[in-house]
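Chain identifiers are assigned alphabetically (A, B, ...) following the order of the sequence lines, protein sequences preceding nucleic acid strands; residue numbering begins at 1 within each chain.
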Amino acid sequence: MTDTTEARTPDSRPTGGLSAQYQPGEVEQLRYERWVSEGYFSADPKSEKPAFTIVIPPPNVTGSLHVGHALDHTIQDTLVRLKRMQGFEVLWLPGMDHAGIATQNVVERKLAEQQLSRHDLGREKFVEKVWEWKAESGGAILGQMRRLGDSVDWSRERFTMDEGLSRAVQTIFKRLYDDELIYRANRIINWCPRCLTALSDIEVEHTDDEGELVSIRYGEGENAIVVATTRAETLLGDTAVAVHPDDERYKHLIGTEVELPLTGRRIPIIADEHVDPAFGTGAVKVTPAHDPNDFEIGQRHDLPSLTVMDERAVITVPGPFQGLDRYEARPAVVAALREQGRIVAEKRPYLHSVGHCSRCKTTVEPRLSLQWFVKTGPLAQAAGDAVRDGRVTIEPAELSKRYFAWVDNMHDWCISRQLWWGHRIPVWYGPAGEVVCVGPDEQPPSGEGWRQDEDVLDTWFSSGLWPFSTLGWPERTPELEKFYPTSVLVTGYDILFFWVARMMMFGLYAVRDSDGSGVQPFNVVNLHGMVRDQFGKKMSKSFGNVVDPLDWINRYGADATRFTLARGANPGSDVPISEEWCQGSRNFCNKLWNATRFALMNGATVEGDLPPSSELGALDRWILSRLQHTVAEVNEQFDSYEYAKVCDTLYHFAWDDVCDWYVELSKPVLAQDTPEAARTRRVLGHVLDQLLRLLHPVIPFVTEELWIALTGGETLMRAAWPAVDHAYVDDAAEEELAALQKVVTEVRRFRSDQGLKPSQRVSAALTGLGNVGIDTHEPLIRSLARLDAPGADFTATATLAVTGGITVDLDTRGAIDVAAERARLEKDRAAAEKEATQCRAKLGNESFIGKAPEQVVTKIKDRLVTAEADLVRIAAALEALPAA
RNA sequence: GGGCGCGUAGCUCAGUGGGAGAGCACCCGCCUUACAAGCGGGGGGUCGUAGGUUCGAAACCUACCGCGCCCACCA
């Protein structure tokens with residue numbers, strides 16, 4: 001780290017103690033520690049201020065935070081810092097998720113490196129190992145959150161397996177059980193033969209996989225029927241063949257029996273609407289124990305369910321196939337069938353949708369098994385209604401359609417998992433198989449032979465309680481009273497179903513108002529997209545485009561990293577980032593640093609009242625007016641969660657308006673020691689003060705450092721959010737400065753066209769400024785355009801036709817590059833001619849005059865006048881040019 | 001199979017009924033006393049295609065083409 005401490009001591013005044021470049025490393029850690037030690041992040045439930053609450057989407061304790069978390073946290077930190085400045089009592093509650101299957105898999109993989117399985121350790125020892133891992137991984141995550149600048153209330157950190165949260169899990173399980181919204185049943189569920197556990201529907205990912213369709217003849221002679229299947233091995237568990245009731249080909253067979261090959265069993269041919277007569281042969285083998293559809297058919301027709309595979313998907317039926325894995329059994333069964341001449345049509349490739357375990361990608365095996373379920377009907381109904389009736393809004397609104405599609409078609413939710421890491425199901429079974437569900441305040445039965453359910457709950461069961469379990473529910477704590485419902489939930493659209501919908505169901509069920517109605521867990525769901533690379537590609541390790549947020553923080557600073565992420569974060573849209581863009585953000589932070597440095601070197605101040613508009617020159621009135629517009633715009637953009645637009649607005653205000661124009665234009669004024677200069681120093685101090693406030697939510701570190709240097713205040717975190725002051729909205733000043741900018745730009749273009757270096761001074765006469773009322777700014781224009789310095793080494797004559805109604809004569813008395821100037825004028829003339837032609841065409845169109853609004857017509861007329869004036873002036877200028 | 005969304009400058013994206021924009025990249029010129037992590041200037045787009053509505057369409061409607069995502073029990 002470079003040693004700039006000396007340069008930054010308070011007595012090196014002229015620069016306000018600021019070095020020439022912003023060094024994030026020297027600022028961030030110290031600032032963060034101070035914020036924590038001063039208690040700026042702490043939330044007080046006894047506060048009189050209105051509450052603003054965000055609970056963090058708890059990261060899984062499976063590793064460290066990735067750049068997607070960095071985006072998620074940046075948005076939340078931006079919101080909570082904004083709300084603190086706006087006067088809310090803010091709680092941003094941190095914590096982590098035990099992430100059942102995901103974490104168990106991580107620890108199992110680590111054990112596998114030592115040739116150990118969890119069974120070698122036993123349940124108790126294994127769970128101990130996972131806790132060790134949690135301590136390690138959790139610590140890393142907390143460190144990353146500090147580096148990002150997360151202003152979370154550390155005193156309220158929670159973990160889904162904390163005692164209090166476990167109590168919440170047991171409480172709601174008991175209530176749901178008593179309300180008959182939790183039940184146990186033998187159902188066909190998604191089973192992962194590798195993780196050896198049941199999975200819920202959304203834990204299954206479907207991909208289109210290549211399969212092979214074979215046609216098999218069941219039965220003999222007239223009774224024979226041909227079925228098509230991709231899963232020949234499940235034939236061993238067939239208990240029927242189904243056809244469509246209206247299928248003429250098979251009508252005569254309905255109600256008869258056929259012989260099931262390889263088994264000697266006879267199975268019925270049944271009619272069921274589910275069968276699509278157009279697919280395959282129009283006849284389906286029915287395996288109720290190993291296919292969800294077939295299970296349904298089996299239920300409707302009272303068919304037996306024959307389980308032919310164990311939990312590892314190995315055939316259990318005695319005989320030649322016993323002991324074969326499902327993929328070994330498939331060709332073996334086909335081969336045996338072929339031997340018997342049963343294969344009617346050989347294998348043909350067939351693309352079909354296959355489910356995979358979302359954690360390990362193993363092909364899911366539908367399996368009949370005894371599991372616990374949540375009856376989702378009434379809960380999902382309430383979750384949908386809360387959005388439908390507007391108690392909860394989803395940002396962006398388009399995503400609520402997806403939400404409805406899901407909650408309105410939800411199946412019952414399988415919540416038991418055959419894992420060791422998680423909340424154990426609070427149910428005991430007696431010696432005679434009796435079931436007792438025990439709540440947190442009850443003792444398990446003490447008699448002989450009682451044992452607790454071995455399974456744990458789906459991880460989303462406990463994270464679904466997060467918005468209130470973290471606040472002390474089921475107790476009515478002061479925290480719950482003050483901070484529930486939470487204000488905004490910020491998360492990626494990818495877990496809308498996994499998490500958001502579950503929180504809605506549980507929150508509305510568990511937390512009750514005084515009148516007994518359910519209270520939504522949050523008022524707004526702010527969904528962001530996925531972080532992608534600069535070409536919009538998904539980040540993946542194999543593609544090598546993964547960004548580690550810590551790496552960027554180390555090299556460019558937390559603020560630059562945050563700004564890069566926030567700059568792409570509009571509701572619901574994916575966020576492309578690249579290292580180059582992060583460098584740009586770093587540059588922006590440095591720009592602010594140097595602007596403040598300039599201000600301090602030139603005596604900018606925040607002391608005393610801001611002079612009233614009437615005492616200020618056009619320049620000061622202009623920047624103050626721009627500031628008011630910026631504040632108004634940023635407020636609107638924050639209200640609609642358009643962080644990218646907030647960043648864009650502030651970036652351009654800071655860089656273009658403040659740095660490129662206001663600072664440059666104020667230099668001549670600030671060089672003086674006049675009352676006007678004093679007023680400008682006050683305005684400059686004010687503008688920077690306000691700008692730093694506006695940027696603080698997004699880039700807290702550099703703004704804090706600069707604001708303290710500028711104002712001598714204690715912390716920007718407790719400064720008030722800027723308000724629009726209409727007394728400083730000044731259209732006249734904005735028009736005046738716009739004209740000035742155009743003139744300066746035009747002269748600069750002329751200089752550039754003429755190949756004049758900045759160091760070359762031009763002796764010039766400026767005329768025509770009074771046409772647009774900016775004659776008083778002539779010295780400023782000269783200063784910015786580098787005109788008329790003593791010892792000028794270039795003289796020329798030119799007429800600059802500035803488009804937009806402004807014309808300026810620049811008399812530079814001498815030879816110029818005639819060819820360059822002619823080219824420029826010809827180009828301008830072409831543009832003006834095109835403009836004039838277009839306007840005339842419009843104005844000559846009777847329909848246009850008759851139907852267009854008056855303002856539009858007036859505007860076009862003005863444009864025509866301008867263009868014609870430009871043409872006259874350009875013609876004169878061309879005339880005046882010496883011949884080539 | 002159902003649903004949603006997107007095609008605007010080389011890249012990433014704003015703009016949603018009245019003069020085509022930004023950032024980055026690119027070209028030219030500059031160490032101009034806050035900043036070379038900077039300053040000034042510039043080039044570049046028949047707004048996916050074809051119809052339609054309108055005085056007027058990048059924007060609204062229809063169809064098509066291309067891309068992406070989500071859901072789904074097609075054997």
Side-chain angles (χ1 to χ4, degrees), chain A residues 15 18 20-22 188 201-202 206 211 213 227-231 234 242 274-276 278-281 283-287 291-297 350 352-353 355 366 398-399 401-402 405-406 409 411 493-494 496-497 529-530 532-536 556 560 567-568 570 572-578 580-581 583-584 586-602 642 644-645 648 651-652 659-660 663-664 667 744-745 748-753 755-759 784-786 835 838-839 842 845-853 855-857 859-860 863:
Chain A
T15 59
L18 302 182
Q21 273 190 1
Y22 173 49
I188 194 139
D201 290 345
I202 49 173
H206 291 267
L213 204 59
V227 301
T229 182
T230 54
R231 300 214 53 196
T234 63
H274 168 77
V275 180
D276 174 8
F279 185 90
T281 60
V284 189
K285 60 193 276 306
V286 182
T287 324
D291 182 280
N293 287 316
D294 296 3
F295 180 76
E296 303 267 321
I297 295 174
Y350 171 62
H352 65 143
S353 180
E398 302 86 70
L399 282 173
K401 287 176 196 163
R402 270 194 205 179
W406 199 69
N409 298 293
H411 295 168
Y493 59 68
D494 56 328
L496 184 62
F497 307 140
M530 307 294 109
R532 292 167 178 274
D533 75 8
Q534 61 192 304
F535 306 111
Y556 304 115
R567 232 181 157 180
N570 274 329
S573 58
D574 287 343
V575 181
I577 59 168
S578 82
E580 281 168 0
W581 302 351
Q583 286 165 359
R586 184 266 317 262
N587 297 354
F588 178 59
C589 293
N590 194 47
K591 190 73 181 172
L592 295 171
W593 182 269
N594 276 293
T596 308
R597 190 158 167 260
F598 169 85
L600 291 168
M601 290 165 80
N602 287 278
E642 294 171 305
K645 288 184 184 168
D648 193 58
Y651 181 92
H652 284 110
C659 292
D660 286 349
V663 164
E664 291 306 322
K667 279 177 180 174
V744 169
T745 303
R748 282 173 175 166
R749 188 173 86 161
F750 172 76
R751 292 188 56 119
S752 184
D753 287 347
L756 292 171
K757 300 190 171 174
S759 55
L784 279 163
R786 304 183 154 268
E835 172 82 351
Q838 280 176 356
C839 291
K842 282 230 168 192
N845 183 332
E846 281 177 36
S847 309
F848 172 73
I849 300 297
K851 294 194 180 175
Q855 308 128 290
V856 177
V857 178
K859 211 170 146 189
I860 302 284
R863 278 169 54 191

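- Using a 4.0 Å heavy-atom cutoff across all strands shown, A:R748 reaches sugar-phosphate atoms only and no base atom.
- Among the protein residues, A:V663 comes within range of the nucleic acid bases, having at least one heavy atom under 4.0 Å from a base atom.
- Under 4.0 angstrom from either OP1 or OP2 of B:rA37 there lies no side-chain N or O belonging to A:R586.
- No donor-acceptor contact under 3.5 Å links the side chain of A:Q534 to the base of B:rA25.
- Formation of a donor-acceptor pair under 3.5 Å by the A:D291 side chain with backbone atoms of A:T287 is not found in this model.
- Of the two residues near RNA chain B, A:P292 and A:R863, the one whose nearest nucleotide lies more 5' is A:R863.
- Heavy atoms of A:C659 sit under 4.0 angstrom from at least one base atom.
- Side chain of A:N409 to main chain of A:A405: a donor-acceptor pair is present (N/O by atom type, distance under 3.5 Å, no hydrogens or angles).
- In this structure, the CG atom of A:D574 is 12 Å from the C1' atom of B:rC70, given to the nearest Å.
- As judged by a 4.0 angstrom heavy-atom cut-off over every strand, A:D660 is placed among residues touching the sugar-phosphate backbone only.
- For B:rA75, one of the phosphate oxygens OP1 or OP2 lies less than 4.0 angstrom from a side-chain nitrogen or oxygen of A:H352.
- Base pairing of B:rU46: no nucleotide in any strand meets the Watson-Crick or G-U wobble criterion (both distances under 3.5 Å).
- Between A:A283 and A:D201, the one whose closest nucleotide on RNA chain B sits nearer the 5' end is A:D201.
- Taking a pair to require two hydrogen-bonding distances under 3.5 Å in either a Watson-Crick or a G-U wobble arrangement, B:rG68 pairs with B:rC4.
- Side-chain atoms of A:E835 come within donor-acceptor range of the base of B:rG19, with a qualifying N/O pair under 3.5 Å.
- Using bins of under 30°, 30° to 60° and over 60° for the plane-to-plane angle, the ring pair A:Y651/A:F588 lands in the tilted bin.
- The side chain of A:E580 approaches B:rC24 more closely than any other nucleotide in the set B:rA34, B:rC24, B:rA75.
- A:K851 comes within contact range of at least one nucleobase, with a heavy-atom separation under 4.0 Å.
- Residue side chain A:Q21 reaches the base of B:rA37 through a donor-acceptor N/O pair under 3.5 Å, judged by distance alone.
- Within 4.0 Å (heavy atoms only), A:Q838 reaches no atom of the nucleic acid at all.
- Comparing B:rA34, B:rA22, B:rA72 by their closest approach to the side chain of A:D648 singles out B:rA22.
- Donor-acceptor pairing under 3.5 Å, judged by distance alone, is present between the side chain of A:K591 and the base of B:rC35.
- Within the 4.0 angstrom heavy-atom criterion, no nucleotide atom of any strand lies near A:F588.
- When heavy atoms are screened at a 4.0 angstrom cut-off, A:E664 is found touching base atoms of the nucleic acid.
- Look at A:K401 and you'll find a side-chain N or O under 4.0 angstrom from OP1 or OP2 of B:rG5.
- At a threshold of 4.0 angstrom between heavy atoms, the contacts of A:R751 with the nucleic acid are absent.
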Next item on the list: Quick one: do A:D574 and A:Y493 satisfy side chain to side chain donor-acceptor pair (under 3.5 Å)? Show the steps, please.
Entry: CA-CA 10 Å; A:D574 287 343; A:Y493 59 68; 2.9 Å; yes

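- Nearest nucleotide to the side chain of A:R402, out of B:rC4, B:rC24, B:rC55: B:rC4.
- Contact annotation for A:P853: base contact, defined as any heavy-atom pair under 4.0 Å involving a base atom.
- At B:rU33, none of the side-chain N or O atoms of A:K667 fall inside 4.0 Å of OP1 or OP2 (strictly under the cut-off).
- The partner of B:rU33 is absent, by the rule that a Watson-Crick or G-U pair needs both atom distances under 3.5 Å.
- Side-chain atoms of A:R863 never come within 3.5 Å of backbone atoms of A:C839 as a donor-acceptor pair (strictly under, hydrogens ignored).
- Atom P of nucleotide B:rG15 and atom CD of A:E642 are separated by 8 Å, given to the nearest angstrom.
- Under 4.0 angstrom from either OP1 or OP2 of B:rG38 there lies at least one side-chain N or O belonging to A:N587.
- Counting any heavy atom pair closer than 4.0 Å across all strands shown, A:D276 reaches a base atom.
- B:rG5 atom P lies 18 Å from atom CE of A:M530, rounded to whole Å.
- Using the Watson-Crick or G-U wobble rule with both distances under 3.5 Å, B:rG56 pairs with nothing in any strand shown.
- Within the 4.0 angstrom heavy-atom criterion, only backbone atoms of the sugar-phosphate kind lie near A:T745; the bases stay farther away.
- Nucleotide B:rA9 forms no Watson-Crick or G-U wobble pair with any nucleotide shown, as no partner meets the under 3.5 Å limit on both distances.
- Counting non-hydrogen atoms under 4.0 angstrom, A:A595 reaches a base of the nucleic acid.
- The side chain of A:K645 contributes no N or O atom lying less than 4.0 Å from OP1 or OP2 of B:rC13.
- Salt-bridge formation is detected for the pair A:E664/A:K667: a Lys NZ or Arg NE/NH1/NH2 atom is positioned less than 4.0 Å from an Asp or Glu carboxylate oxygen.
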